[in-house]
Amino acid sequence: MTKVDNIIENNIVTLDGGLGSELEKKHVEVNNNLWSASALIQNPGIVRDIHKSYFNAGAQLAITDTYQVHIPSPNGDQLRGYELIDLAVDLAKEALIDSNQKHESGLIAGSVGPYGAYLSNGAEYTGTTSFLSQNIKIFIGSVLVV
């Protein structure tokens, strides 16, 4: 039986809470193209601490701070995206290990934003995107690789 099987055996999985709102409470600037993922650059320890607090409160699954991290980024930087994703996963793992929860019982889930979020212009809310087939292929290809 896998970890996932064990956790969902009772048909209930407790997820973590909102990361962005917790970051704002801690005065981390998230009003930028990376949104909450900017905390991975500004103060990664806060991200780890928030994950840990959710695990300590009973969350069984933490969602990584990667919704707005894309490969390539809108400016074409591929390496930075991979580095931020690796960091986000490591922080969630560290939080689980450091929490009062048994390491074997917790899960980490990745967060992947839609194509509209990749554009960093609010298109995931408005639906106004310019679907250039080349851009879509790059975006979907990078999601599948990660």
Side-chain angles (χ1 to χ4, degrees), residues 2-5 7-8 11-99 101 103-146:
T2 68
K3 268 191 195 185
V4 174
D5 293 330
I7 288 177
I8 63 173
N11 296 322
I12 297 172
V13 178
T14 307
L15 304 178
D16 62 357
L19 190 60
S21 55
E22 290 300 309
L23 289 167
E24 286 181 323
K25 286 180 190 176
K26 296 180 183 301
H27 307 287
V28 174
E29 177 57 49
V30 296
N31 189 17
N32 55 62
N33 285 349
L34 283 176
W35 297 352
S36 65
S38 63
L40 297 170
I41 297 166
Q42 295 175 47
N43 194 333
I46 288 178
V47 175
R48 182 189 55 244
D49 293 346
I50 293 170
H51 284 312
K52 182 180 174 182
S53 70
Y54 282 127
F55 280 126
N56 285 341
Q60 297 166 294
L61 187 147
I63 300 171
T64 59
D65 187 14
T66 52
Y67 176 89
Q68 196 64 16
V69 177
H70 302 286
I71 302 162
S73 64
N75 70 2
D77 184 358
Q78 290 193 2
L79 183 58
R80 186 65 172 161
Y82 286 116
E83 290 170 348
L84 291 175
I85 291 169
D86 287 345
L87 175 60
V89 171
D90 289 344
L91 292 170
K93 286 180 180 178
E94 289 172 18
L96 175 58
I97 291 167
D98 293 344
S99 74
Q101 208 178 113
H103 177 248
E104 302 79 34
S105 65
L107 293 171
I108 311 296
S111 177
V112 179
Y115 178 71
Y118 163 76
L119 297 174
S120 297
N121 65 3
E124 70 273 31
Y125 300 110
T126 65
T128 52
T129 59
S130 57
F131 287 103
L132 300 174
S133 62
Q134 179 183 3
N135 290 349
I136 295 287
K137 287 177 185 176
I138 291 169
F139 174 75
I140 292 173
S142 67
V143 169
L144 295 176
V145 167
V146 174

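In what follows, every heavy atom counts, from backbone to side chain, and hydrogens, waters and symmetry copies are set aside. Here the structure is a predicted model, which is why all the values come from computation and not from measurement. When a residue number appears, it is its place in the shown sequence, counting from 1.
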Show me the pairs that pass salt bridge (Lys or Arg N to Asp or Glu O under 4.0 Å) and involve residues 26-53, at least two apart or across chains.
Arg48-Glu94
Answer yes or no: is there a side-chain heavy-atom contact under 4.5 Å between Ile85 and Leu87?
no
Any heavy-atom pair between the side chains of Val28 and Ile46 that's under 4.5 Å?
yes
What is the minimum heavy-atom distance between [X] and [Y], and which atoms define it?
| X | Y | result |
| --- | --- | --- |
| Ile63 | His51 | O-CE1, 3.2 Å |
| Ser36 | Gly20 | CB-CA, 4.0 Å |
| Ser21 | Gly18 | OG-O, 3.6 Å |
| Val69 | Asp65 | CG2-O, 4.2 Å |
| Leu40 | Leu84 | CD1-O, 3.7 Å |
| Leu61 | Ala109 | CD2-CB, 3.6 Å |

What pairs with Ala59 under side chain to side chain contact (heavy atoms under 4.5 Å, CB included), at least two apart in sequence or on another chain?
Asp16, Tyr54
Under a 3.5 Å distance rule, please check whether Thr64 uses its side chain to pair with a backbone N or O of Ser111 as donor and acceptor.
yes
Is the backbone of Thr14 close enough, under 3.5 Å, to the side chain of Gln60 for a donor and an acceptor to pair up by distance?
yes
Rounded distance (nearest 0.5 Å) linking atom NZ of Lys93 with atom CG of Leu91:
11.5 Å
Starting from the C-alpha separation in whole Å, work towards a yes-or-no answer on side-chain contact (heavy atoms from CB on, under 4.5 Å) for Thr66 and Val112.
CA-CA 6 Å; Thr66 52; Val112 179; 5.8 Å; no
